[in-house]
Amino acid sequence: MKWGNRMSKKVALVTLQPVDVRSAGAVNLGYYAVKETFIKEGWEVDEYTCKEWYIPNPYEYDIIAFSVYYYTQLINLLPFLKRNHIPYRRTDRRPTILVGGQGCQNNLLNDYIDIVSMGACETSLPFILENHRDLELLSTHPNVFVPSIDKDINTKELGYYDKVDSPVVIYGKNAVVQISHGCRYRCKFCGYSWSVGKYKEKPIEVVKEQLLEAKSKGVTGVNLFSADMTGYSHIIELLDFMIEHDIRILNTDIRASGYTEEIAERLDKLKFRRASIGVESFDESVRQGINKKLTDQQLEECIDRAMRHNVSTLHLYLIAGLPNEQYNHWIEWFEKIKARVEEEERSIRVDFSIQNFQPMQYTPLKDFSFVDFDEKHKFVRKFLQCKYELGWLSRPAEEKDYCNLGGKIGMKECSYLVTMFVLHGDSTGGNVLEELDMKTFVGRSINPKLYSKIRAVCERHPEWYQIKKVDNPEKGVWED
């Protein structure tokens with residue numbers, strides 16, 4: 001890049017999530033780690049979001065760095081560049097385009113990106129910042145992907161954190177304190193557990209210090225950030241500490257097999273009233289097949305324990321389309337849960353969320369087939385009818401569909417196929433997005449019309465990566 005003798009060391013840090021992720025119930029701790037690394041390395045950081053659209057003068061920056069929290073956010077990169085009059089492809093004058101985050105681990109935008117930081121930023125970002133003008137040198141780093149040289153992202157390795165040392169993240173009266181990184185279990189479908197390295201924990205004394213720091217700043221509620229809060233090796237001591245210091249716990253997710261009586265008693269004292277459990281399937285053999293170490297007995301004990309310890313909302317997460325799923329035992333489990341809830345003399349809300357299986361990169365199931373929506377809809381019809389008969393729906397099952405279930409049965413096929421196009425597309429898929437010439441950003445949901453637009457471009461260019469063709473991609477549950 002031609003900047004004369006000036007070394008500005010200035011970066012525009014852009015999150016491609018159009019809304020603040022905290023409003024969606026999550027905090028992107030990786031974003032904060034990246035920002036901290038830039039500052040530590042002596043760089044001046046200006047922050048932007050897709051919601052703001054506009055960088056006043058993009059050419060004052062050496063680097064424009066994009067944080068990609070979820071891979072469909074990659075769709076937003078090209079319209080962001082265009083809106084800010086930044087050339088799609090590398091020129092001597094264009095700032096270096098750097099991308100990182102768990103959502104950018106594919107080849108889709110190879111023709112538009114200069115550098116990809118693979119995995120944990122601490123393993124590669126300092127090296128990138130020191131050498132960002134020397135792409136040849138950067139391509140020698142195992143955790144740095146330079147598309148113009150390396151061609152295929154699969155030739156590179158993910159970098160992993162060697163310790164958990166994230167700061168407290170405070171927003172309003174709430175805060176996030178990370179207690180662990182990674183997951184002990186490695187379920188075969190889970191992109192997170194297969195892409196972040198070995199499980200690691202933050203020392204309990206550091207966690208306590210951060211809780212007190214948060215409380216001293218007016219925080220009253222804390223999310224103990226972890227893939228499995230109940231699996232933290234010092235969880236009993238930690239919960240006792242929160243009880244002693246009157247710090248409210250914001251977590252709702254628990255691992256059914258880790259929700260012991262000791263933990264349940266303490267969570268009850270902390271007014272833990274909503275339990276969210278990743279069941280994935282009500283067929284134990286399917287769970288075993290995906291390495292979900294959860295037996296029927298453990299699930300039954302977990303639900304019973306939640307009832308005895310004053311949980312008033314039970315939310316169970318399920319996945320449609322897992323390998324060998326026949327949905328044989330789902331209805332009987334609905335009836336069993338209903339019977340257990342009716343034993344209580346208080347009101348208990350029971351809800352289910354069914355998501356579509358996604359063959360994620362780096363997992364053992366990355367090449368498994370996409371969801372069969374005909375099979376999915378056959379089951380969902382039975383599922384909704386059962387919910388109505390059990391009193392869990394206020395309106396007849398036939399009146400419920402994607403449009404009025406608030407995402408509780410996952411994406412429509414059209415949105416799902418767009419997601420799979422982004423996740424699995426090669427570099428010619430980027431050509432498709434460029435020709436789309438999008439004027440707006442993709443948010444937490446995907447406009448169904450986007451499928452038709454992508455399909456039309458693919459039909460004009462059969463040599464490019466193709467989105468799967470279906471006759472009625474916006475079909476509802478009750479349509480044949």
Side-chain angles (χ1 to χ4, degrees), residues 1-3 5-16 27-48 55 58-69 77 90 94-106 109-110 112-150 153-169 178 180-182 192 195-198 200-203 206 210 225 362:
M1 194 182 303
K2 297 178 179 178
W3 293 100
N5 296 321
R6 183 170 66 89
M7 293 289 288
S8 68
K9 296 189 72 172
K10 194 170 183 181
V11 59
L13 182 56
V14 183
T15 173
L16 286 176
V27 171
N28 183 358
L29 291 179
Y31 177 88
Y32 292 94
V34 167
K35 179 182 175 181
E36 187 175 281
T37 302
F38 274 120
I39 295 172
K40 182 179 179 181
E41 296 296 320
W43 284 66
E44 181 182 347
V45 180
D46 290 335
E47 298 177 82
Y48 299 93
I55 299 178
Y59 294 98
E60 70 176 298
Y61 298 103
D62 285 295
I63 295 175
I64 298 180
F66 292 92
S67 172
V68 186
Y69 186 68
L77 194 146
R90 184 172 178 82
R94 187 181 82 160
T96 298
I97 302 299
L98 168 65
V99 173
Q102 60 190 16
C104 63
Q105 297 159 4
N106 57 30
L109 296 181
N110 282 5
Y112 310 90
I113 294 169
D114 298 318
I115 307 166
V116 180
S117 174
M118 302 283 291
C121 70
E122 69 176 16
T123 65
S124 61
L125 190 53
F127 183 75
I128 291 171
L129 297 181
E130 183 179 355
N131 304 288
H132 73 275
R133 294 182 177 87
D134 190 343
L135 297 185
E136 291 283 351
L137 178 59
L138 289 178
S139 70
T140 65
H141 194 291
N143 310 132
V144 178
F145 174 53
V146 180
S148 63
I149 297 173
D150 301 316
I153 201 167
N154 295 305
T155 63
K156 294 301 180 121
E157 303 171 357
L158 295 174
Y160 302 131
Y161 290 108
D162 59 6
K163 58 183 177 180
V164 186
D165 59 357
S166 55
V168 182
V169 177
Q178 186 178 22
S180 66
H181 185 75
Y192 172 76
S195 63
V196 297
K198 294 181 180 179
K200 306 170 192 67
E201 294 186 349
K202 183 178 290 182
V206 176
Q210 292 185 335
F225 192 87
Y362 301 107

Is it true that a side-chain atom of [X] and a backbone atom of [Y] form a donor plus acceptor pair closer than 3.5 Å?
| X | Y | result |
| --- | --- | --- |
| Y48 | L13 | no |
| N131 | D134 | no |
| Q210 | S166 | yes |
| K202 | D165 | no |
| H181 | G197 | no |
| Q102 | Y69 | yes |
| N143 | E157 | yes |

Using a strict threshold of under 4.0 Å (side-chain N to carboxylate O), is an ion pair present between [Y] and [X]?
| X | Y | result |
| --- | --- | --- |
| R90 | D114 | yes |
| K156 | D150 | yes |
| K200 | D162 | no |

Between [X] and [Y], what is the shortest heavy-atom contact and its length?
| X | Y | value |
| --- | --- | --- |
| K9 | G42 | CE-O, 3.8 Å |
| V116 | C104 | CG1-SG, 3.9 Å |
| Y161 | A33 | OH-CB, 3.8 Å |
| N110 | N106 | OD1-O, 4.0 Å |
| S117 | S124 | OG-OG, 2.8 Å |
| V196 | G182 | CG2-CA, 3.5 Å |

Would you tell me whether S67 and K35 have side-chain atoms, one donor and one acceptor, within less than 3.5 Å of each other? no

Going by atom types only, do Y31 and E47 share a side-chain donor-acceptor pair under 3.5 Å?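 Yes, E47 and Y31 have a side-chain donor paired with an acceptor closer than 3.5 Å.
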
Let's go through L125 and F38 carefully: what are the C-alpha distance in whole Å and the side-chain angles of both, what is the deciding distance for side-chain contact (heavy atoms from CB on, under 4.5 Å) to 0.1 Å, and is it a yes or a no? CA-CA 8 Å; L125 190 53; F38 274 120; 4.3 Å; yes

So, taking the atom named CE in M118 and the one named CD1 in I153, what distance separates them when rounded to the nearest 0.5 Å?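 So the CE of M118 and the CD1 of I153 are separated by 4.0 Å.
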
From I63 CD1 over to I128 CD1, what is the distance, rounded to the nearest 0.5 angstrom?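 Going from CD1 on I63 over to CD1 on I128, the span is 8.0 Å.
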
Can you confirm whether [X] sits close enough to [Y] that some side-chain heavy atom of one is under 4.5 Å from a side-chain heavy atom of the other?
| X | Y | result |
| --- | --- | --- |
| R133 | D62 | yes |
| I64 | L98 | no |
| F127 | L138 | yes |
| E41 | I39 | no |
| Y362 | L158 | yes |
| I115 | I97 | no |
| I113 | F145 | no |
| V68 | V99 | yes |

Evaluate the ring planes of H132 and W43, with Trp represented by its six-membered ring, and classify them as parallel (under 30°), tilted (30 to 60°) or perpendicular (over 60°). perpendicular

Would V11 and D46 count as a side-chain contact (heavy atoms from CB on, under 4.5 Å) if you check the C-alpha gap in whole Å, the side-chain angles of each, and the deciding distance to 0.1 Å? CA-CA 6 Å; V11 59; D46 290 335; over 6 Å; no

